[in-house]
Amino acid sequence: MATTIAAISSPPGSGLRGVIRLSGPESARIVAATCRCEPAFDPARRTSLQGRFDDGRGTQPLLLLWMPGPHSLTREDVAELHLPGSPPLLEAALA
């Protein structure tokens with residue numbers, strides 16, 4: 001059974017932007033549940049979208065990079081969530 005992984009993939013510490021990467025079969029569901037983009041997220045298309053990320057406590061500005069499998073480096077669905085680079089905000093988003 002395939003597992004979906006999520007991790008902060010930007011360097012430790014503060015920065016203008018931090019990145020959370022997801023890879024695996026649940027990536028599209030997670031993106032659809034937490035990201036509000038214009039135009040709407042379409043998991044069938046490789047894309048980059050701007051919008052808002054909702055971690056359940058508030059929203060943050062978001063740049064979403066979506067690479068559907070098998071046309072990604074891992075051959076799985078991959079999402080990169082580019083968010084403000086504050087360590088507490090990235091930890092909240094990851095949770």
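Linking Ile, Leu, Val, Met, Phe, Trp and Tyr residues whenever their side-chain heavy atoms come within less than 4.5 Å places Leu94 and Val31 in a single cluster. Note: the hydrophobic cluster containing Leu64 does not contain Val19 (ILVMFWY, side chain heavy atoms under 4.5 Å, direct or indirect links). Cluster membership check: Leu90 does not share its hydrophobic cluster with Leu63, using side-chain heavy-atom separations under 4.5 Å among Ile, Leu, Val, Met, Phe, Trp and Tyr.
For residues 7-21, every residue pair satisfying the salt bridge (Lys or Arg N to Asp or Glu O under 4.0 Å) rule, not counting sequence neighbours, is listed here: Arg21-Glu80. The list of salt bridge (Lys or Arg N to Asp or Glu O under 4.0 Å) pairs with a residue in residues 32-48, not counting sequence neighbours, is empty.
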| Going through the distances and angles, do Met67 and Asp77 end up as a side-chain contact (heavy atoms from CB on, under 4.5 Å)? | CA-CA 6 Å; Met67 296 145 282; Asp77 290 344; over 6 Å; no

| message | side-chain contact (heavy atoms from CB on, under 4.5 Å) for Leu73 and Val78? Distances and angles first, verdict last. | response | CA-CA 9 Å; Leu73 186 61; Val78 174; over 6 Å; no

| Can you check side-chain contact (heavy atoms from CB on, under 4.5 Å) on Leu81 and Leu62, steps first, answer last? | CA-CA 7 Å; Leu81 309 176; Leu62 165 73; 3.9 Å; yes

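Side-chain polar atoms of Thr4 and Ser27 form no donor-acceptor pair below 3.5 angstrom.
A heavy-atom distance below 4.5 Å is found between the side chains of Pro84 and Pro61. Two residues are said to be in side-chain contact when any heavy atoms from C-beta on lie closer than 4.5 Å; Ser48 and Trp66 fail this criterion. The shortest distance between side-chain heavy atoms of Ser14 and Pro87 falls below 4.5 Å. A 4.5 Å side-chain heavy-atom check between Ser10 and Ile8 finds at least one atom pair inside the cut-off.
We find the CD-CD1 distance between Glu91 and Ile20 to be 8.0 Å, quoted to the nearest 0.5 Å. Between the CG atom of Leu16 and the NE2 atom of His82 there is a distance of 13.5 Å, given to the nearest 0.5 Å. The distance from the CG atom of Leu89 to the CG atom of Asp55 is 8.0 Å, given to the nearest 0.5 Å.
Looking at Ser72, its side chain never comes within 3.5 Å of a backbone N or O of Pro68 through a donor-acceptor pair.
Closest approach of Cys35 and Phe53 over heavy atoms only: SG-CD1, 3.9 Å.
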